[in-house]
Each structure stands twice: as structure tokens, then as C-alpha cells.
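Down below is the structure, laid out as C-alpha cells.
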Amino acid sequence: MLIKSDDLERHLKQAEEKQWMAPVWVILDEEPLLATEALDLLRHTANKLGYTDRQTFAFTATSDWSELLDSLMSVSLFDDKKLMTVRLLSSGPGVKSTKLLSQFVESAPGIDTIVTIFHLTEVDYKTFKAAWYKSLEKIANVVSCRPIDRAHYVTWIQKRLQRQNQSMSAQALSFFAEQTEGNLMAAKQELMKLSLLCLLYTSDA
């Protein structure tokens, strides 16, 4: 299933209601801030659902991926539910790693005590054509974290303000968008400052 980053929170609320979380997730990191927030949301939900044992891996094409498969297969009835995060630091796994990943794809959907999140940090058109990605995509919920284009940037800012119970005039929104120049991290930091200023103002009033 393909899920847009701004729709992830809704999907995870449904997971909490059902008390069940899909075993495999893929984050497509095309916009670092949105990818980081998606990862935080997934970890938070997993923790709520009892996946308290955490393991984190960072792999490149030349890494030994056997540790991931070993961790998946070493499941005991008496173990805590486990959350594994795999940060892929290259455009894809190597030949040997691809074989191990294929074994993971075959086994992971049947293990409901482990949730695995693949954080793909280098994503381009070749990624979507690669056989390893296509096999992973078939069993995963894929979170698309694409950059916010200029036409939707003001709307993105508005939604962030709404989360803070704040709003801006159209003129102020336009000015804010121009000043932050589409930089989501800079925009988030400035919005956080506005939230803090509002809290300080209301506490002094």
C-alpha cells in the first residue's frame, strides 16, 4: 500500500484502534523532514502497541545483511515484540545482500511479533525499477515523503498552523512562504517559535 506522508497519521490511528500494525514499512526519503517525522510516528505507534524491544541497523551495498535475517528468525514465544529499523545508506543492497533481503521478504509477513521499518535514504527513478525494491514493495506499506511543491507549500504551512491552533492572514502566509523559500525544516522551526511566542503571550495576559 502506498501512503502519502500527510496521510500516515490517519493510518496509524486506525492501527491503534485495531491493535495491529503491518509488519513491514518502507519510508521513501525524498524530503528529509517528512521522512524523519514519518519514522517518529511509526516508532511512536509501535511503542504504543507493545513493540518495546528495538533494534537499529545501518546498511550499505557492501554491508553484511545477515544480522537482519538472524534477528528476524530468532523469535521466541517469550520475547517482547520487536521493532527493527533498517537505514539503507546506499542506493540499494549488493548482490549478496539482495539474496538475504529476498529471504526476509518471504519470512517477514508471517511474523506478527516483529515490525520492520526500512528507511531508504537514496531514492531515485532507478530505485523503483530495481527488483529488490519491487519485491519489498509487495509486502510493505510504503510511505511516500516527497518534497512539497510551490503550489502546495502555503497549504502545508496552514495545516501546520492548525495543529498549533493558530492561523495567518493570506498576506502573512504569502510573506512567510517567501521568507522560508520552500525549506521545510526552516519553516518548521519558525512555526515552533510562533507557537512558543503565543504560549508566552497568553501566559502573561
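- Pairing each heavy atom of S66 with each of D64, the nearest pair is OG-OD1, 2.7 Å.
- Side-chain atoms of Q179 and E190, non-hydrogen and from C-beta on, never get closer than 4.5 Å to each other.
- For S135 (side chain) and W132 (main-chain N/O), a donor-acceptor pair under 3.5 Å exists by modelled atom type.
- Minimum interatomic distance between Y153 and A187 (heavy atoms only, all atoms of both residues): OH-CB, 3.4 Å.
- Side chains of D149 and H152: a donor-acceptor N/O pair is present below 3.5 angstrom, by distance only.
- The cluster map of Ile, Leu, Val, Met, Phe, Trp and Tyr, joined by side-chain heavy atoms under 4.5 Å apart, puts M84 and L41 in different clusters.
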Hey, mind stepping through T60 and S63 against side chain to side chain contact (heavy atoms under 4.5 Å, CB included) and telling me if it holds?
CA-CA 5 Å; T60 66; S63 298; 3.2 Å; yes
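- Cluster membership check: F104 shares its hydrophobic cluster with I114, using side-chain heavy-atom separations under 4.5 Å among Ile, Leu, Val, Met, Phe, Trp and Tyr.
- Distance alone, capped at 3.5 Å, is enough to place a donor-acceptor pair between the D124 side chain and the T127 backbone.
- Annotation: side chain of W156 is not in contact with side chain of D6 (no heavy-atom distance under 4.5 Å).
- The backbone N or O of M73 sits nowhere less than 3.5 Å from a side-chain atom of S107 that would complete a donor-acceptor pair.
- With values rounded to the nearest 0.5 angstrom, L191 atom CG is found 10.5 Å from L184 atom CG.
- K82 places a side-chain N or O within 3.5 Å of a backbone atom of S71 that can act as its donor or acceptor partner.
- Listed for the S195 side chain is no donor-acceptor partner under 3.5 Å among the backbone atoms of M192.
- A distance of 5.5 Å separates CG in L68 from CZ in F59, rounded to the nearest 0.5 Å.
- Under the 4.5 Å side-chain heavy-atom criterion for Ile, Leu, Val, Met, Phe, Trp and Tyr, Y133 and L2 are members of the same hydrophobic cluster.
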Go through W25 and I3 one step at a time and tell me if the side chain to side chain contact (heavy atoms under 4.5 Å, CB included) criterion holds.
CA-CA 10 Å; W25 296 76; I3 302 170; 3.9 Å; yes
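- A heavy-atom distance below 4.5 Å is not found between the side chains of T155 and I148.
- Side-chain contact between P147 and E30: present, with at least one pair of heavy atoms (C-beta onward) separated by less than 4.5 Å.
- The shortest distance between side-chain heavy atoms of T45 and E16 falls below 4.5 Å.
- In this structure, A22 and N141 approach most closely via the heavy-atom pair CB-ND2, 3.5 Å.
- E67 CD: 12 or fewer foreign heavy atoms inside a 6.0 Å radius.
- Rounded to the nearest 0.5 Å, atoms OG1 (T116) and CG (L83) are 7.5 Å apart.
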Verify salt bridge (charged side-chain N to carboxylate O under 4.0 Å, His left out) between R160 and E37, making sure each step is shown before the conclusion.
CA-CA 13 Å; R160 293 273 163 157; E37 291 181 342; 2.6 Å; yes
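- Surrounding CZ of F128 are more than 12 heavy atoms belonging to other residues, nucleotides or ligands, all under 6.0 Å away.
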Passes side chain to side chain contact (heavy atoms under 4.5 Å, CB included), V26 versus E137? Steps please.
CA-CA 8 Å; V26 174; E137 182 185 34; over 6 Å; no
Quick one, L42 with M21, criterion side chain to side chain contact (heavy atoms under 4.5 Å, CB included). Give me CA distance, side-chain angles, the key distance, then yes/no.
CA-CA 9 Å; L42 287 167; M21 191 171 179; 3.8 Å; yes
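- V24 and V142 fall within a single hydrophobic cluster, where Ile, Leu, Val, Met, Phe, Trp and Tyr are joined by side-chain heavy atoms under 4.5 Å apart, directly or via other members.
- Closest heavy-atom contact between A177 and V154: CB-CG2, 4.0 Å.
- Using a 4.5 Å heavy-atom threshold, the side chains of N47 and T52 count as touching.
- One distance of note links NZ of K81 with CD1 of I111; it measures 14.0 Å at 0.5 Å rounding.
- Linking Ile, Leu, Val, Met, Phe, Trp and Tyr whenever their side-chain heavy atoms come within less than 4.5 Å leaves V143 and V86 in two separate clusters.
- Classified by interplanar angle (parallel below 30°, tilted 30° to 60°, perpendicular above 60°), the ring pair F118/W65 is parallel.
- Between R10 and D7 there is a salt bridge, since a side-chain N of the basic residue sits under 4.0 Å from a carboxylate O of the acidic one.
- One finds the CG atom of L89 at 9.0 Å from the NE2 atom of H119 (value rounded to the nearest 0.5 Å).
- A distance of 9.5 Å separates CZ in R150 from CD in E181, rounded to the nearest 0.5 Å.
- For the pair L28 and L120, the minimum side-chain heavy-atom distance is below 4.5 Å.
- Heavy atoms only, all atoms of each residue included: A61 and G92 are closest at CB-O, 3.4 Å.
- Counting only heavy atoms from C-beta outward, the side chains of R87 and T56 never approach each other to under 4.5 Å.
- Shortest non-hydrogen contact noted between L34 and R146 is CD1-O, 3.4 Å.
- Other residues, nucleotides and ligands place more than 12 heavy atoms under 6.0 Å from the CD atom of Q19.
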